[in-house]
Amino acid sequence: MVASITLLTNTSYLSSNCFSLTFHPNLLIPSFHSFSTLCPQFQPQLLFSLTKTLRHNLKSQPFNSDYFRPTNHGFFLCRLSASSATPSTQPGILFSVFGEIGIGYEEVELLLVNNHDLTVVSIDSLRSRVLSLQSLGLDHVDLYHSVIRQPTLLTAKEIDPLLCFLRDELEGQLEQSQVKHLLSASEPRFLAGFPHKVQLLHDRGVPRDKVVYVLNRVNLPKAFIHRSLDEIDRIFDFLEPFGGVSLIVKRPTLLNYDLDKQLIPRVRVLVELSGGDKDGTGKVLRTLPAILNYSVEHVEGHIRLLRSFAGLDDQEIFKIILVFPGIVTASRDRKLRPRIQFLKDCGLDSGEIFKFLVKAPLFLGHSFHENIAYKLVFLVKIGFKYRTKELTMAIGSTTRTSCENMQKVITLFLSYGFSCEDIVAMSKKQPQILQYNHTSLEKKMKYLIEEMDRDIDELLSFPAFLGYKFDDRIKLRYEVKKGVKGEQMSLNKLLTISTERFAGKQKRATAIDNLN
């Protein structure tokens with residue numbers, strides 16, 4: 001049942017100067033309708049006091065329909081004169097607008113008391129602003145939190161141009177979470193320049209189809225709203241020699257960092273380590289822009305460890321970082337130190353450690369228990385001796401393959417009649433055979449036996465055969481040469497000769513055939 005109370009502004013104007021408050025007995029939240037014109041001197045606080053008292057009374061006793069009769073109104077006199085409608089004189093509609101986005105009576109009361117602009121802005125303007133916000137994908141919950149945190153979203157003049165920009169220029173592609181963060185974390189006065197800062201991205205070379213991608217992956221208040229155009233421009237200028245726009249597009253969060261306190265010092269560490277090689281530093285940054293997530297102290301800690309514990313100089317350290325920037329993401333205590341110690345235990349000196357890490361840098365990055373330990377056990381089982389240089393070469397060659405593929409490769413060799421000793425001997429000559437794809441290996445071995453009619457044992461003397469491309473090298477050259485030398489041709493000579501020399505010999509052979 002619904003109960004109504006009618007307030008009159010003047011008993012002489014009973015028919016025109018009244019409005020009614022309707023209460024639902026369960027919700028106890030007032031909604032206002034059937035409004036007539038009230039005077040400009042009307043104070044919403046009087047209405048708040050009245051409705052608050054009524055709500056308290058309704059809560060304190062069971063609801064009884066006899067208290068409120070639909071046909072008989074109780075009248076409370078308020079000596080105010082009539083005037084044209086303003087938001088402050090239409091609190092019912094105002095409450096209704098806020099109610100649509102989940103803001104309750106007490107919260108509206110506080111908003112109106114603390115934000116005078118909400119009492120003078122037009123109701124149509126409020127409704128239009130709410131609809132505009134909803135058109136960007138903000139639901140009731142998002143609107144509720146945004147308005148509670150930043151009430152001026154509904155009144156500030158800077159908001160409408162911004163919403164139009166987000167909807168029309170960015171085609172509403174800014175993610176809902178980003179829109180919410182943008183609106184609720186920034187005072188409206190800071191939002192006015194946002195469209196110009198977005199345009200700067202395009203002016204500096206960010207493709208239009210990547211602009212929204214960048215915006216959706218940065219902290220908008222930190223990267224754009226609270227930065228000037230000049231500050232954003234300086235970041236692009238600084239990063240230009242190292243990749244510039246490509247870095248920003250690949251790692252948009254770089255725009256979150258402070259140029260002077262974070263980006264410049266972090267890049268400087270790499271430049272100094274490289275001996276001033278900006279091109280090399282740029283290659284590192286383009287390969288792993290996330291390296292700039294790490295503090296100067298973190299990166300310098302890795303450098304000190306590689307200097308003191310592995311015995312490497314700065315140029316060697318930078319070359320390792322160049323081929324494997326992810327080294328800075330590896331834990332010094334859980335990965336770097338114990339694995340360098342393993343290499344030392346296997347007899348490698350600092351020069352050999354450097355060569356090993358350049359060829360097999362993933363050795364420092366893989367999980368020990370789920371990868372390296374499994375492979376070490378397998379290698380030792382097939383015949384490699386523990387803590388030997390041969391074992392390090394073998395484990396280094398397997399860093400680029402999975403444990404599953406490595407096991408299938410060894411199983412494949414065994415199925416073709418090779419012993420574990422044969423596999424160890426071949427891998428010492430051609431360490432990469434343990435990392436080749438097992439399906440590709442089987443295809444080549446089958447072709448060697450069935451099409452080329454060769455003995456599988458030839459792989460013992462020339463395991464490098466398994467490393468050449470099947471279609472472009474093995475099959476192509478065999479098809480060309482088989483009519484000339486047939487079965488007697490050496491696999492080594494067939495495959496190791498350069499493409500230019502092979503083509504030259506073929507031309508000469510064709511010319512001789514034509515003469516004959």
Output, in order, the C-alpha distance, side-chain angles, deciding distance and verdict of side chain to side chain contact (heavy atoms under 4.5 Å, CB included) for L110 and V113. CA-CA 5 Å; L110 289 174; V113 170; 5.7 Å; no
Working note: L292 + L285, criterion side chain to side chain contact (heavy atoms under 4.5 Å, CB included); need CA distance, chi angles, decisive distance, verdict. CA-CA 8 Å; L292 294 179; L285 296 180; 3.8 Å; yes
Going through the distances and angles, do M406 and L379 end up as a side chain to side chain contact (heavy atoms under 4.5 Å, CB included)? CA-CA 10 Å; M406 176 183 165; L379 291 171; 3.5 Å; yes
As a quick check of understanding, evaluate side chain to side chain contact (heavy atoms under 4.5 Å, CB included) for L220 and L174, giving each step before the final call. CA-CA 11 Å; L220 289 174; L174 196 65; 4.2 Å; yes
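Summarising the geometry, atom CD1 belonging to I317 is positioned 5.0 Å from atom CG belonging to L306; distances are rounded to the nearest 0.5 Å. The distance from atom CG of L476 to atom CG of L495, rounded to the nearest 0.5 Å, is 10.5 Å. Distance CG/L138 to CG/L153: 9.5 Å, rounded to 0.5 Å. Note: I321 CD1 to I303 CD1 = 5.5 Å, rounded to the nearest 0.5 Å. If you take NZ on K359 and CZ on F354, they are separated by 10.5 Å, rounding to the nearest 0.5 Å. One distance of note links NE2 of H302 with OH of Y294; it measures 8.0 Å at 0.5 Å rounding.
The shortest distance between side-chain heavy atoms of K443 and S440 does not fall below 4.5 Å. Side chains of V211 and V214 form no contact here, defined as non-hydrogen atoms less than 4.5 Å apart. Contact annotation: the side chain of L254 never approaches that of I235 to less than 4.5 Å [non-hydrogen atoms, C-beta and beyond]. Considering only heavy atoms from C-beta on, Y105 comes within 4.5 Å of E109 through its side chain.
Under a 3.5 Å cut-off, the side chain of K444 and the backbone N or O of Y468 do form a donor-acceptor pair. At distances below 3.5 Å, not a single donor-acceptor pair connects side-chain atoms of E107 with backbone N or O atoms of I148. Looking only at distances, a side-chain donor or acceptor of N405 sits under 3.5 Å from a matching main-chain atom of Y436. No donor-acceptor pair closer than 3.5 Å links the side chain of Q262 to the backbone N or O of L259. Within the 3.5 Å criterion, the main-chain N or O of I423 finds a donor-acceptor partner in the side chain of S427. In this structure, E231 contributes its side chain and S228 its backbone to a donor-acceptor pair below 3.5 Å. Side chain of Q150 to main chain of H145: no donor-acceptor pair is present (N/O by atom type, distance under 3.5 Å, no hydrogens or angles). A donor-acceptor pair is defined here as one N or O able to donate and one able to accept, closer than 3.5 Å; no such pair exists between the side chain of K319 and the backbone of D314. A donor-acceptor contact shorter than 3.5 Å links the side chain of D277 to the backbone of G280. Within the 3.5 Å criterion, the main-chain N or O of Q432 finds no donor-acceptor partner in the side chain of S397.
Taking all atoms of both residues into account, the shortest heavy-atom contact from F238 to P241 is O-CD, 3.2 Å. Annotation for T287 and K250: closest pair O-NZ, 3.6 Å, computed over non-hydrogen atoms. The two atoms that bring R251 and N293 nearest to each other are NH2-ND2, 2.7 Å, heavy atoms only. A pairwise comparison of heavy atoms in P463 and K429 identifies CG-CB, 3.8 Å as the closest pair. The two residues A192 and P195 come nearest to each other via the heavy atoms O-CD, 3.5 Å. Scanning all heavy atoms of the two residues, the minimum distance from Q178 to V218 falls at NE2-O, 2.8 Å.
In summary, of the residues considered (H369, E404, Q407), a side-chain hydrogen bond (donor to acceptor under 3.5 Å, both in side chains) with Y374 occurs for Q407 alone. None of L182, N256, L255 except one satisfies the side chain to side chain contact (heavy atoms under 4.5 Å, CB included) rule with F224; the exception is L255.
No donor-acceptor contact under 3.5 angstrom links the side chains of E442 and Y447, judged on distance only. A donor and an acceptor atom, one from each side chain of S367 and N371, are nowhere located under 3.5 Å apart.
Applying the side-chain hydrogen bond (donor to acceptor under 3.5 Å, both in side chains) rule to pairs touching residues 156-165 yields R129-D160, sequence neighbours excluded.
Under a cutoff of 6.0 Å and an axis angle of 45°, R266 and Y257 form a cation-pi pair. A cation-pi contact links K210 to Y213, judged by a cut-off of 6.0 Å to the six-membered ring centre and 45° from its axis. In this structure, R477 forms a cation-pi arrangement with F502, its terminal cationic atom sitting closer than 6.0 Å to the ring centre and no more than 45° off the ring axis. Relative to the six-membered ring of F242, R286 misses at least one condition, a distance below 6.0 Å or an angle of at most 45° to the axis.
Atom NZ of K344 has more than 12 heavy atoms from other residues, nucleotides or ligands within 6.0 Å. Dense packing is recorded around CZ of R307, with more than 12 heavy atoms of other residues, nucleotides or ligands lying under 6.0 Å away.
Taking the six-membered ring where tryptophan is involved, the planes of F342 and F363 are tilted, since the angle between them lies from 30° to 60°.
Ion pair D237/R204 flagged as a salt bridge, since at least one NZ, NE, NH1 or NH2 atom sits closer than 4.0 Å to an Asp/Glu carboxylate oxygen.
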